[in-house]
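Since the structure comes first, as structure tokens, the remarks are kept for the end.
So that the names make sense, note that chain A is the first sequence line, chain B the second, and so on, each numbered from 1. Small disclaimer: the values here were computed from a predicted structure and weren't measured.
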Protein chains: 2
Amino acid sequence: MVLPRAARTQRRTRIQEEKEELILEAALDVFATHGFRGTTIDQIADVAGMSKPNLLYYFRTKEAMHRALIDRVLDNWLDPLREFDAEGNPVSEIRSYIRRKLEMARDFPRESRLFANEILQGAPHIEDELKGPLKSLVDEKAEVIRSWAKAGKIAKCDPYHLIFAIWSTTQHYADFDVQVRGVLGEERSGEGRFEDAARFLEQLFVSGLEIRDGGA
Amino acid sequence: MVLPRAARTQRRTRIQEEKEELILEAALDVFATHGFRGTTIDQIADVAGMSKPNLLYYFRTKEAMHRALIDRVLDNWLDPLREFDAEGNPVSEIRSYIRRKLEMARDFPRESRLFANEILQGAPHIEDELKGPLKSLVDEKAEVIRSWAKAGKIAKCDPYHLIFAIWSTTQHYADFDVQVRGVLGEERSGEGRFEDAARFLEQLFVSGLEIRDGGA
DNA sequence: TGATAATTTGACCGGTTGGTAAAACATTAC
DNA sequence: GTAATGTTTTACCAACCGGTCAAATTATCA
């Protein structure tokens with residue numbers, strides 16, 4: 001038989017698993033920097049070190065590769081938020097959420113950029129996920145934050161915009177990396193910038209959410 | 001004569017000015033959502049309501065359109081930071097900088113996304129601007145912020161990362177608009193979200209930068 | 001009005017793109 | 001070993017891409 005992988009019920013051979021991984025790795029590289037439409041199959045094949053028809057044997061279309069990547073990334077992307085614990089100490093929960101997101105920006109910048117590209121271009125492939133699972137999870141965690149505020153453990157604030165602020169500030173170091181490095185200059189563009197960012201952001205959010213006399 | 005606009009020394013006709021504007025308007029639409037490589041001249045021509053050769057009469061290449069847009073946007077993009085006044089009151093300067101950036105995200109989302117796309121894709125067309133004029137301006141303003149901190153007017157913090165945080169949180173509402181609206185749900189996706197965001201961000205940054213006993 | 005310059009169009013071109021067909025080659029199962 | 005299955009390659013195609021050209025049309029102005 002000559003059916004490509006997607007048509008089979010079960011993953012079979014070792015070679016399949018390896019090649020699919022190799023392809024997705026290459027595809028991540030290219031999609032992350034050029035977006036869906038700006039990416040060509042030839043480019044991916046080139047990075048993966050195989051011929052285009054060979055690549056198309058494993059993923060029948062460009063869409064299929066993109067979808068496989070998006071599914072995987074979206075899931076990982078939400079992990080740090082899932083860990084957000086309602087029972088924990090508010091300040092340290094927020095602090096460690098920031099730290100985890102920042103680590104992801106540092107360790108998986110391509111994944112972050114793939115996601116950013118998708119959203120920037122109007123999320124044509126993941127609108128349902130945004131309005132479904134993603135929204136549900138955020139709703140749930142927003143409720144946790146709201147209850148902390150109500151209990152007087154942190155300052156009153158809109159929990160949704162708090163989450164947006166944590167997302168944007170942390171992902172900025174992956175998505176806008178070129179700009180960050182351009183502005184910081186060569187001498188401050190080492191990995192140390194992530195520690196500086198962590199220090200700053202923890203300070204900002206922790207003291208920004210501290211309860212004080214003037215409240216609200 | 002039949003020389004396209006770029007070759008002429010002076011802007012001549014009314015029709016030229018109108019058409020160029022029309023084209024850039026259309027190009028902004030398309031570039032902002034598909035990025036440079038993902039955009040086709042046909043698409044732009046279509047949105048602009050003219051034929052491709054006609055469009056190419058005004059801008060000889062896709063690059064030329066993109067460059068014209070980028071130049072214009074980059075300049076506007078920096079305006080709010082330029083207004084940042086060393087002599088003003090620190091807290092209200094930061095507050096109004098946030099407000100201005102948020103207004104830009106609300107009123108010029110396509111411009112923000114064009115810029116974001118360019119950075120995401122590695123800033124191939126504006127690397128020089130990033131390391132030159134942009135860096136210089138940020139360096140200058142960072143020095144102002146540092147002096148405020150030294151004078152005890154705001155909490156000590158890394159001024160570069162403060163600026164990054166303001167950029168990312170505000171632009172988030174333009175660049176990640178689909179996601180923001182998806183998460184907030186239909187009922188909170190009106191223009192009111194910008195006011196909520198402003199309230200939240202002003203609170204976050206102002207009290208996050210306030211001097212307190214345990215200070216930084 | 002007519003001459004001149006500015007604008008618009010349709011037909012076209014070479015290169016690239018996403019994807020296919022079929023056969024050659026490699027691997028595995030018996 | 002050999003038959004069946006899985007993998008890779010070569011050759012290809014139709015559509016699309018950025019861009020050109022020359023002719024047709026329209027605006028400008030003496």
Side-chain angles (χ1 to χ4, degrees), chain A residues 1-24 26-27 29-31 33-69 121 124-125, chain B residues 1-27 29-31 33-70 121 124-125:
Chain A
M1 265 232 274
V2 72
L3 274 182
R5 193 227 143 236
R8 277 179 239 113
T9 321
Q10 249 187 314
R11 182 172 270 97
R12 297 259 171 97
T13 70
R14 160 194 57 89
I15 210 167
Q16 260 173 44
E17 216 148 339
E18 284 174 12
K19 289 286 161 90
E20 277 169 28
E21 205 44 52
L22 183 72
I23 290 169
L24 288 182
D29 250 43
V30 186
F31 279 131
T33 49
H34 296 294
F36 182 76
R37 298 198 28 176
T39 292
T40 72
I41 300 183
D42 285 285
Q43 257 178 302
I44 299 174
D46 213 52
V47 175
M50 57 172 75
S51 69
K52 180 167 65 171
N54 195 184
L55 182 154
L56 285 166
Y57 170 72
Y58 293 100
F59 293 90
R60 275 194 291 206
T61 61
K62 194 164 89 162
E63 268 86 3
M65 280 180 270
H66 194 251
R67 174 119 295 270
L69 277 176
Q121 301 179 8
H125 305 98
Chain B
M1 263 232 274
V2 72
L3 274 181
R5 192 226 144 235
R8 276 178 240 113
T9 321
Q10 249 187 314
R11 183 171 269 97
R12 296 261 172 95
T13 70
R14 159 193 58 89
I15 208 166
Q16 259 172 45
E17 217 148 340
E18 284 173 14
K19 289 286 161 93
E20 278 169 28
E21 205 44 52
L22 183 72
I23 290 168
L24 288 181
E25 175 66 19
D29 251 41
V30 186
F31 279 132
T33 49
H34 295 295
F36 182 76
R37 296 194 31 172
T39 293
T40 72
I41 300 182
D42 286 285
Q43 258 178 301
I44 299 174
D46 213 52
V47 174
M50 58 173 73
S51 69
K52 181 167 63 170
N54 195 183
L55 183 152
L56 285 166
Y57 170 73
Y58 293 101
F59 292 90
R60 275 194 292 207
T61 61
K62 193 164 88 162
E63 268 86 2
M65 281 181 269
H66 193 251
R67 176 119 296 270
L69 276 176
I70 284 280
Q121 301 180 7
H125 304 98

Residues that B:Thr39 engages under side-chain contact (heavy atoms from CB on, under 4.5 Å), provided they are two or more places apart:
B:Val30, B:Phe31, B:His34, B:Ile44
Check whether any side-chain N or O of A:Gln43 sits under 3.5 Å from a backbone N or O of A:Thr40 as a donor-acceptor pair, and report yes or no.
yes
Does a side-chain N or O of B:Gln16 approach OP1 or OP2 of C:dA6 to a distance below 4.0 Å, or not?
no
Rounded to whole Å, please give me the gap between CG in B:Leu56 and P in C:dT8.
13 Å
What I'd like to find out is whether the side chain of A:Tyr57 reaches to under 4.5 Å of the side chain of A:Lys19, using heavy atoms alone.
no
Hey, what are the protein-to-nucleotides 9-13 of chain C N/O distances that come in under 3.5 Å?
from: C:dT9; atom 1: OP2; to: B:Ser51; atom 2: OG; distance (Å): 3.4

With no hydrogens and no angle check, is any side-chain donor or acceptor of B:Arg67 less than 3.5 Å from a backbone partner on B:Lys62?
no
Check the distance between D:dT8's P and A:Glu20's CD and give it to me in whole angstrom.
11 Å
By nearest-nucleotide position on DNA chain D, the 5'-leaning member of B:Thr39 and A:Lys19 is A:Lys19
Protein-nucleotide distance (B:Arg37, atom CZ; C:dG18, atom C1'), rounded to Å
14 Å
Please give, in whole Å, the distance from D:dT10 C1' to A:Asp42 CG?
15 Å
A:Phe59 CZ to C:dG18 C1', straight-line distance once rounded to whole Å
16 Å
Below 4.5 Å, heavy atoms only, C-beta onward: do A:His125 and A:His66 meet side chain to side chain?
yes
Length of the line joining B:Lys62:NZ and D:dC16:P, which is rounded to integer Å:
16 Å
Gap between atoms CD and P, on B:Gln43 and D:dC16 respectively (whole Å):
12 Å
Using atom NE2 of B:His34 as one end and atom C1' of D:dC17 as the other, report the distance to the nearest whole Å.
15 Å
Are B:Lys52 and B:Asp46 packed together at the side-chain level, in the sense that at least one heavy-atom pair is separated by less than 4.5 angstrom?
no
